[in-house]
There are 2 protein chains.
Amino acid sequence: MGAKPEGPSSAEVRNRQQSNRRATSVDVAAESGVSQATVARVFSSPDKVSPATREKVRSAAERLGYVPNAIARSLKSQRTNIVGAVVPAYGEYWQNVLAEFSRQLAQRSYQLLLFSFAKPDDVDGALSSVAQYRLDGVILASATIGQSQLGRMQSSALPAVAFNQPAAEGLVPSVSVDNEVGMAELARHLVDIGVGTAAYIGGVSSVSTDQIRYRGAVQELAEHGIACPYIEAGAYTYDAGYKAAGQLAQRDNLPEAVMVGSDEVAFGVLDGLENAGISVPRDLLLTGFDGLPQASWAGYDLTTLVQATDVLVAQAIDVLLSTNGAADKPASVVVPGTIRYGRTTRKSDA
Amino acid sequence: MGAKPEGPSSAEVRNRQQSNRRATSVDVAAESGVSQATVARVFSSPDKVSPATREKVRSAAERLGYVPNAIARSLKSQRTNIVGAVVPAYGEYWQNVLAEFSRQLAQRSYQLLLFSFAKPDDVDGALSSVAQYRLDGVILASATIGQSQLGRMQSSALPAVAFNQPAAEGLVPSVSVDNEVGMAELARHLVDIGVGTAAYIGGVSSVSTDQIRYRGAVQELAEHGIACPYIEAGAYTYDAGYKAAGQLAQRDNLPEAVMVGSDEVAFGVLDGLENAGISVPRDLLLTGFDGLPQASWAGYDLTTLVQATDVLVAQAIDVLLSTNGAADKPASVVVPGTIRYGRTTRKSDA
DNA sequence: AGACCTTATGAATACGTAGTCATAGTGTCA
DNA sequence: TGACACTATGACTACGTATTCATAAGGTCT
């Protein structure tokens with residue numbers, strides 16, 4: 001008789017497993033002989049509970065396999081500990097950014113809820129989806145989020161931060177790399193090594209980062225009397241770059257250098273040029289933008305502007321989670337980039 | 001007097017904006033003169049409400065800027081419409097898989113909640129985090145999720161599916177590419193083109209996919225009297241492959257072909273070999289595994305086993321969302337891969 | 001010892017929705 | 001016309017937790 005450890009409790013357990021219902025704080029309260037309020041306190045503010053009670057509750061919880069229900073917690077406390085991210089489904093750059101967000105948010109014990117979209121048209125759907133979950137904040141990545149959509153965000157109570165989306169400045173707090181200066185510095189580098197003619201290959205000309213990066217290149221080059229025609233690849237993909245390079249190669253007057261608006265496109269351009277018999281850097285110099293991991297791979301070894309993704313992301317999270325209602329004007333953080341000097345601008349005839 | 005469209009309503013709006021509180025179904029009910037229940041029905045099962053009422057409620061909701069609260073809905077309905085994903089934070093392969101999951105889940109109007117981890121030790125934290133949210137299911141990616149952790153998943157009520165994680169078979173429903181046969185087919189391809197000696201470079205030898213892929217290579221090669229020593233790169237990264245290639249190059253007896261357990265490592269191996277003056281495919285043939293987008297890039301043009309990520313993901317989602325309690329044994333889906341023939345196994349002396 | 005403060009706990013309530021049950025109204029058939 | 005089926009709607013409750021308020025116990029100070 002005396003060897004029976006906890007009679008009613010194990011019956012409890014069996015009942016619950018049978019009914020296949022997760023244990024609640026009420027169950028734990030009954031099991032440990034305290035009130036539901038105390039159970040809640042044990043899991044949310046343990047120091048308000050005496051050590052003895054705490055232990056009693058903890059062990060009861062363990063026995064029942066109790067896990068606090070974050071949904072209920074969120075409903076009551078009005079915070080979800082979840083940050084949303086509206087991001088394009090594809091693209092090396094965004095995948096890297098996303099991974100970094102996820103990592104840093106996890107460190108702060110936030111989760112990341114993903115709202116990805118394949119086509120720009122899907123953004124609306126993603127955004128209205130976002131509104132349903134009462135997130136603690138939302139990251140708006142991708143420049144294909146329109147002004148009107150940003151405006152709607154602005155009027156909603158949801159804290160938001162635009163990531164690398166210069167067009168959002170003034171509407172929504174934003175964090176970006178210094179696109180214009182970065183591209184200008186790359187241009188300056190080309191000037192320094194004696195380039196006399198150049199061209200620029202962008203992804204999609206209507207995208208704000210594309211425009212600003214191009215502007216940086218044009219202005220810097222113009223100061224040295226160098227023109228810089230714009231070529232549109234049509235997408236931010238390897239293939240688009242590959243094709244653009246093919247067309248460029250057919251021209252009779254090849255520029256001495258080509259500046260590409262993003263690394264992923266630049267890889268395509270590089271391979272496309274080689275395929276057309278144009279050797280980089282022998283026949284033509286090449287620069288990228290973003291600083292993707294692949295840019296450092298020996299196969300490419302691309303000169304590019306490296307975005308400090310970790311810093312950008314850290315800033316974005318700071319802005320997002322410290323959005324006190326007292327913000328009169330949306331913050332707008334700009335982080336400088338760093339040039340990575342690769343073989344694609346190493347003049348062989350130097 | 002008669003020109004005043006809706007007196008109390010606009011006051012309502014102002015009050016709410018002032019108090020900065022989101023409108024609820026109760027507010028909408030008051031505004032439109034119906035009960036809260038009817039408002040709820042308009043948004044969850046519209047066909048149970050007469051068209052007239054429906055319209056009345058919709059317009060009131062619009063006026064108040066009402067958006068249904070998914071948290072409350074989830075609490076009540078016991079389903080969240082959210083699927084969790086436990087995934088390594090880094091690695092090309094996982095990033096691609098994740099993007100595909102996100103895309104396909106969005107299509108089925110599910111959201112993806114990300115639990116990424118940087119080190120294998122962080123998996124525990126991620127998993128206990130997962131348990132708090134009452135997700136509709138969870139995707140366990142990465143082979144670094146241990147057996148005991150899988151066992152715990154199994155006993156929890158949460159539907160789970162292991163993605164490309166052969167070790168999980170029998171414990172948890174799983175979906176994988178056919179690692180063993182895939183690698184064997186690559187080996188067979190090498191045999192067919194006359195390779196006489198080979199080596200295998202894996203990532204981490206304790207990982208189950210690594211072991212199974214190696215087994216596939218070894219067995220097929222053994223049938224043709226070819227040995228295949230195992231070399232461990234130490235990580236599933238470009239750098240690890242690059243270093244491994246450097247060490248391999250110092251040997252005096254170079255194999256005719258090297259099979260690498262994953263594309264990302266293979267890229268490193270390729271560049272590392274070239275760096276050591278070993279030309280692929282002239283001096284050595286090379287195969288990868290996974291079928292990353294970069295494998296098709298002209299710069300690499302790698303022979304590899306392409307995983308049909310879209311199919312794998314679709315299968316995983318199916319298994320996850322159709323997990324009827326009636327499943328006696330965990331399903332275990334294996335999807336065949338397809339060889340991509342690139343320049344890295346194109347014998348120049350043929 | 002009385003007044004007072006601190007700590008630990010419980011009872012009760014609210015978060016915003018979905019679903020159950022009851023009810024009034026409307027139409028159908030014999 | 002009465003019995004019956006069906007539709008549209010409202011009142012009410014439950015989901016599982018956090019928090020406020022009240023209360024009891026214990027400790028401290030003069």
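Quick note: numbers below take in every heavy atom, side chains included, and nothing from hydrogens, waters or symmetry partners. Below, read A as the first sequence line, B as the second, and so on, with proteins coming before strands; counting in each chain starts at 1.
- Side-chain N/O atoms of A/Arg134 and base N/O atoms of C/dG16 include no donor-acceptor pair closer than 3.5 Å.
- Using modelled atom types, one finds no donor on one side chain facing an acceptor on the other under 3.5 Å when comparing A/Tyr66 with A/Arg22.
- Taking atom CZ of A/Phe43 as the reference point, atom C1' of D/dG16 lies 13 Å away to the nearest angstrom.
- One atom, CG of B/Asp27, and another, P of C/dC15, lie 11 Å apart when rounded to the nearest Å.
- Distance, A/Asp47 CG to C/dA8 P: 9 Å, rounded to whole Å.
- Distances shown here put a side-chain N or O of B/Ser50 below 4.0 Å from the OP1 or OP2 atom of D/dT9.
- To the nearest angstrom, P of D/dT17 lies 7 Å from CD of A/Gln36.
- In terms of position on DNA chain D, the residue among B/Lys76 and A/Asn69 whose nearest nucleotide sits closer to the 5' end is B/Lys76.
- A/Gln78 comes within 4.0 angstrom of the backbone, heavy atoms only, and of no base.
- Side-chain atoms of A/Arg22 stay outside donor-acceptor range of the base of D/dG16, with no qualifying N/O pair under 3.5 Å.
- Here A/Asp318 contributes atom CG and A/Leu321 contributes atom CG; the two are 7.5 Å apart, rounded to the nearest 0.5 Å.
- At the phosphate of D/dT17, OP1 or OP2 sits under 4.0 Å from a side-chain N or O atom of A/Tyr66.
- Of the two residues contacting DNA chain D, namely A/Ala70 and B/Thr53, the nearest-nucleotide position lying further toward the 5' end is that of B/Thr53.
- Side-chain N/O atoms of A/Ser35 include none lying less than 4.0 angstrom from OP1 or OP2 on C/dA11.
- For B/Arg41, the side-chain atoms get nearest to D/dG10 when compared with the rest of D/dT19, C/dA18, D/dG10.
- Counting non-hydrogen atoms under 4.0 angstrom, A/Val39 reaches nothing in the nucleic acid.
- Considering only side-chain N and O atoms, A/Thr24 lies nowhere under 4.0 angstrom from the phosphate OP1 or OP2 of D/dG16.
- Side-chain N/O atoms of B/Thr38 include one lying less than 4.0 angstrom from OP1 or OP2 on D/dG10.
- Atom-to-atom, CZ of B/Arg79 to C1' of D/dC15 comes out at 15 Å; the value is rounded to the nearest Å.
- Atom CD1 of B/Ile71 is separated from atom C1' of C/dT17 by 12 Å (rounded to the nearest Å).
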(message) Let's go through A/Leu98 and A/Leu112 carefully: what are the C-alpha distance in whole Å and the side-chain angles of both, what is the deciding distance for side chain to side chain contact (heavy atoms under 4.5 Å, CB included) to 0.1 Å, and is it a yes or a no?
(response) CA-CA 9 Å; A/Leu98 197 62; A/Leu112 188 63; 3.9 Å; yes
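- Between B/Ser59 and B/Arg63, the side chains place a donor N or O and an acceptor N or O closer than 3.5 Å (distance only, hydrogens not considered).
- The separation between B/Leu75 atom CG and C/dA18 atom P is 11 Å, rounded to whole Å.
- Of the N and O atoms on the side chains of B/Ser116 and A/Ser102, at least one donor lies less than 3.5 Å from an acceptor on the other residue.
- Of the two residues near DNA chain C, B/Arg73 and A/Val34, the one whose nearest nucleotide lies more 5' is A/Val34.
- What separates CD of A/Glu55 from P of C/dA8 is a distance of 15 Å, to the nearest Å.
- Note that CZ of A/Phe101 is 4.0 Å distant from CD1 of A/Ile139, once rounded to the nearest 0.5 Å.
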